[in-house]
Each structure stands twice: as C-alpha cells, then as structure tokens.
Student: 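Below you will find the structure I want to go over with you.
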Amino acid sequence: MKYIPKKEMDFKEPIVITGFPGMGLVGNIAAHKIAKDLNLDFVGYFDSPEVPPIMAVEEGILYPPIRVYANENMIVIYSEVLIPQKSIYELADEIMNYIGTKNPKILINLDGITSLNPKKTYMVSASENMLKSMEHENIEILDFGMAGGLAGIITVRCGDKDIPSVCLMAETNGLRPDPKGASNLITILNEIYNLDVNTEDLLKEDKAIKEKLKKLAEEQMKLLSKQKVENPMYM
C-alpha cells in the first residue's frame with residue numbers, strides 16, 4: 001500500500017474526514033457527497049495490488065477506488081470498494097503517515113451501526129476529553145458496542161498519536177445503501193462545522209430506492225398470485 005500524490009496543497013490545520021464501505025455504506029456515501037459539494041480537488045490516492053482493480057468513472061474520467069480530495073481546510077478520504085481484510089491495517093498505517101504531516105485539527109471517521117429502527121447517530125473516540133469536546137444534542141455517546149474496520153482502527157491510532165479523532169456512526173438497517181443515514185451524518189457535520197453540504201438530493205435518492213423496492217415487492221406478489229391461480233397446488 002502506498003500513497004500516490006496527484007496535486008500539492010498547503011494545508012491550514014485541516015479537518016480530515018474518512019468514509020469507507022461499511023454498514024449501509026453511509027460512510028463513503030457521506031464522504032463522497034461532501035467532497036463533491038465542496039468542490040474539493042483530487043489530490044491523490046492510495047494504491048495496492050491487493051485492492052480490487054475497479055476504477056470509478058465520473059464524467060468520463062477514470063479514478064482509482066481509494067481517493068483523497070482536499071482544499072487547504074479539509075481532507076476527505078474515501079473508497080469506492082471494500083478494502084480486503086489483509087490490507088486494512090496497512091491502509092490505516094498509510095493514512096496515518098499521510099495525515100501525520102498535515103497537522104490536522106481533527107479526524108472524523110464516518111461509519112454505520114445496525115438498527116431495526118434507524119434514527120440516531122452515535123459517537124465513539126479513544127479519548128474521553130474528545131467525547132466531551134464534541135458534545136452535540138444530536139449525537140449520543142455509544143455506551144456499549146463495537147466499531148470495526150478502518151474507522152475503529154484509525155480512531156485508535158489517532159488516540160495513540162494524540163491526534164483529535166472521533167468516529168460518528170449513523171444507525172442503518174445495513175441491508176442496502178442508505179442515503180438517509182449518510183444525510184444524518186452530513187447534517188451533524190453541517191451544524192458543527194458550517195459545511196453547507198446539501199442533503200436534499202440524498203433524501204430524494206433514499207425515497208427513490210424505497211419506491212423501487214416497493215414496486216419490486218408488488219411485482220413479486222403479482223407473480224406469486226398468478227402462479228397460485230394457474231397451479232392450485234402451488235404452496
């Protein structure tokens with residue numbers, strides 16, 4: 001695993017946001033949306049032969065799957081693909097090496113947590129002082145549970161290096177991509193950091209996905225009903 005720079009930039013204690021595929025894909029959906037809405041520059045990517053060779057296409061341009069976008073005040077790191085288990089620690093180390101030279105104000109990992117009735121957003125950190133400093137009326141501290149993958153590892157590594165860091169986890173059912181959960185994360189970041197990232201299109205996408213699933217379920221019920229009529233022995 002190595003970092004490939006594409007553009008040099010002078011940073012001023014940037015806010016670092018990461019989002020990797022996890023529950024409901026809320027982390028990478030939110031991170032991608034932030035990078036896009038804030039018109040951040042593509043400044044580099046992380047590369048490894050262990051990562052699936054799937055390139056993203058945006059407006060005809062090919063991009064590597066694990067990308068870094070930035071301006072002088074913000075860095076967003078996210079992936080379009082699942083990170084292989086054997087590469088997770090290696091990527092975490094490379095990310096820490098990268099941000100360690102940027103004097104970040106805070107590193108915020110975005111992730112999901114499963115729930116049958118998704119509503120809340122939780123916060124965990126490797127530092128009690130960090131939890132206190134990030135108190136927010138729409139974030140609950142997770143009393144008990146687990147934070148896995150890159151989000152958990154990077155949060156702990158930041159604690160070891162005295163880099164302020166939290167992991168924000170939006171509740172999601174985890175069964176499909178969840179734009180609503182991603183919008184909940186962005187809403188909180190908007191409130192804390194005045195990002196002014198638009199979440200309305202994410203909510204529209206969420207409604208569109210639900211409507212599509214509803215139609216598929218209706219078509220399936222019609223098919224089952226037809227089969228019962230044509231074959232009375234159908235169970």
Student: To the nearest 0.5 Å, how far apart are CE in Met123 and CG in Leu168?
Tutor: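 So the gap between those two atoms works out to 7.0 Å.
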Student: What's in the same ILVMFWY side-chain cluster as Leu142, cut-off under 4.5 Å, chained through other members?
Tutor: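 Traced through the cluster, Leu142 reaches Ile113, Tyr122, Val124, Met169.
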Student: Are Ile163 and Ile154 co-members of a hydrophobic cluster defined by side-chain heavy atoms under 4.5 Å apart?
Tutor: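 Linked within one cluster.
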Student: Please determine whether the number of non-hydrogen atoms from other residues, nucleotides or ligands lying under 6.0 Å from atom NZ of Lys102 exceeds 12.
Tutor: yes
Student: Give me each pair satisfying salt bridge (charged side-chain N to carboxylate O under 4.0 Å, His left out) with a member in residues 70-81, each pair once, sequence neighbours excluded.
Tutor: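 Listed once each, the pairs are Lys12-Glu72, Arg67-Glu80.
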Student: Would you say the side chain of Ile186 lies within less than 4.5 Å of the side chain of Leu202, judging by non-hydrogen atoms?
Tutor: yes
Student: Please assess Asn73 against Tyr193 for the test side-chain contact (heavy atoms from CB on, under 4.5 Å), listing each intermediate value before the final yes or no.
Tutor: CA-CA 11 Å; Asn73 300 310; Tyr193 297 108; over 6 Å; no
Student: If hydrophobic clusters are built from ILVMFWY residues whose side chains come within less than 4.5 Å, do Met74 and Ile95 share one?
Tutor: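 No; tracing contacts between hydrophobic side chains, which count when under 4.5 Å, never links both residues.
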Student: Quick check: are there more than 12 heavy atoms from other residues, nucleotides or ligands sitting under 6.0 Å from CD of Glu58?
Tutor: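 Yes - once you tally the heavy atoms of other residues, nucleotides and ligands closer than 6.0 Å, there are more than 12.
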Student: Applying ring pair (Phe, Tyr, Trp, His ring centres under 6.0 Å) as the test, list every pair that has at least one member in residues 151-175; sequence neighbours left out.
Tutor: none
Student: When rounded to the nearest 0.5 angstrom, what distance separates CG in Leu110 from CG in Asn184?
Tutor: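 One finds 12.0 Å between CG of Leu110 and CG of Asn184.
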Student: Could you list all the side chain to side chain donor-acceptor pair (under 3.5 Å) pairs where at least one residue sits in residues 138-159, not counting sequence neighbours?
Tutor: Asp93-Arg157, Asn109-Thr155, Lys120-Glu140, Asn138-Glu191
Student: Kindly compute the distance separating CG (Leu189) from CG (Asn194), expressed to the nearest 0.5 Å.
Tutor: 11.0 Å
Student: Can you name the nearest heavy-atom pair linking Thr172 to Gly24, along with the distance?
Tutor: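 That closest heavy-atom pairing would be OG1-CA, 3.7 Å.
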Student: Do Lys6 and Val43 have side-chain heavy atoms sitting under 4.5 Å apart?
Tutor: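 The answer is no; the side chains never approach within 4.5 Å.
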Student: Does the Asn28 side chain pair with the main chain of Tyr78, one donor and one acceptor, at a distance under 3.5 Å?
Tutor: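 Pair absent, no side-chain N/O of Asn28 close to backbone of Tyr78.
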Student: Do Leu203 and Ser183 make a side-chain contact, defined as non-hydrogen atoms from C-beta onward lying under 4.5 Å apart?
Tutor: yes
Student: Show, in sequence, the C-alpha distance, side-chain angles and deciding distance for Ile192 and Ile139, and conclude whether the side-chain contact (heavy atoms from CB on, under 4.5 Å) test is met.
Tutor: CA-CA 11 Å; Ile192 296 175; Ile139 312 175; 4.2 Å; yes
Student: Can you confirm whether Leu38 sits close enough to Val197 that some side-chain heavy atom of one is under 4.5 Å from a side-chain heavy atom of the other?
Tutor: yes
Student: Tell me whether Asp196 at atom CG has more than 12 heavy atoms from other residues, nucleotides or ligands lying less than 6.0 Å away.
Tutor: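 No, CG of Asp196 has 12 or fewer neighbouring heavy atoms, counting only those of other groups under 6.0 Å.
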Student: Under 4.5 Å between any side-chain heavy atoms of Ile99 and Leu107, yes or no?
Tutor: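 Yes, their side chains come closer than 4.5 Å.
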Student: Would you give the length of the straight line joining atom CD1 of Ile106 to atom OG of Ser165, rounded to the nearest 0.5 angstrom?
Tutor: 7.0 Å
Student: Strictly distance-based, threshold 3.5 Å: is any side-chain N or O of Glu171 a donor or acceptor partner for the main-chain N or O of Lys119?
Tutor: yes
Student: With sequence neighbours excluded, what pairs up with Asp37 under the side chain to side chain donor-acceptor pair (under 3.5 Å) test?
Tutor: Lys33
Student: Look only at the side chain of Glu50 and the backbone of Ser87, and say whether a donor-acceptor pair between them is shorter than 3.5 Å.
Tutor: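 Such a contact is absent between Glu50 side chain and Ser87 backbone.
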Student: With rounding to the nearest 0.5 angstrom, report the CZ to CD1 distance, Phe46 to Ile83.
Tutor: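 Rounded to the nearest 0.5 Å, the CZ-CD1 separation comes out at 10.5 Å.
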Student: Taking only residues two or more places apart in sequence or in another chain, which ones pass side chain to side chain donor-acceptor pair (under 3.5 Å) with Asp41?
Tutor: Lys7
Student: Shortest non-hydrogen contact from Ile29 to Pro177?
Tutor: CD1-CB, 4.3 Å
Student: Enumerate the residue pairs fulfilling ring pair (Phe, Tyr, Trp, His ring centres under 6.0 Å) with a member in residues 92-121, sequence neighbours excluded, ordered by first and then second residue.
Tutor: Tyr3-Tyr98
Student: Can you list the other members of the hydrophobic cluster that holds Met55, where links are side-chain heavy atoms under 4.5 angstrom apart?
Tutor: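 Its cluster mates, by chain and number, are Val57, Leu62.
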Student: Would Val81 end up clustered with Val68 when hydrophobic side chains under 4.5 Å apart are linked, directly or stepwise?
Tutor: yes
Student: Between Ser127 and Pro164, is there a side-chain heavy-atom distance shorter than 4.5 Å?
Tutor: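 No. Closest side-chain heavy atoms not under 4.5 Å.
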Student: Between Ile75, Val16, Ile15, which is the residue that forms a side chain to side chain contact (heavy atoms under 4.5 Å, CB included) with Pro104?
Tutor: Val16
Student: Quick check for you: to the nearest 0.5 Å, what is the distance between Leu82 atom CG and Leu25 atom CG?
Tutor: 7.5 Å
Student: Using ring pair (Phe, Tyr, Trp, His ring centres under 6.0 Å) as the criterion, list what pairs up with Phe42, not counting sequence neighbours.
Tutor: Tyr63, Tyr69
Student: Check whether any side-chain heavy atom of Thr121 lies under 4.5 Å from a side-chain heavy atom of Thr187, and answer yes or no.
Tutor: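 No. Closest side-chain heavy atoms not under 4.5 Å.
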Student: Hydrophobic cluster membership, with links at side-chain heavy-atom distances under 4.5 Å among I/L/V/M/F/W/Y: are Val166 and Ile153 in one?
Tutor: no
Student: Going by the rule side chain to side chain donor-acceptor pair (under 3.5 Å), which residues pair with Ser125 if we only count those two or more places apart in sequence or in a different chain?
Tutor: none
Student: Any ring pair (Phe, Tyr, Trp, His ring centres under 6.0 Å) pairs touching residues 155-185, not counting sequence neighbours?
Tutor: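 As it turns out, there is no ring pair (Phe, Tyr, Trp, His ring centres under 6.0 Å) pair with a partner in residues 155-185 once direct neighbours are skipped.
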Student: Quick one: do Ile108 and Val26 end up in the same hydrophobic cluster if we chain Ile, Leu, Val, Met, Phe, Trp and Tyr together by side-chain heavy atoms under 4.5 Å apart?
Tutor: yes
Student: With a cutoff of under 4.5 Å between side-chain heavy atoms, which Ile, Leu, Val, Met, Phe, Trp and Tyr residues group with Phe144?
Tutor: none
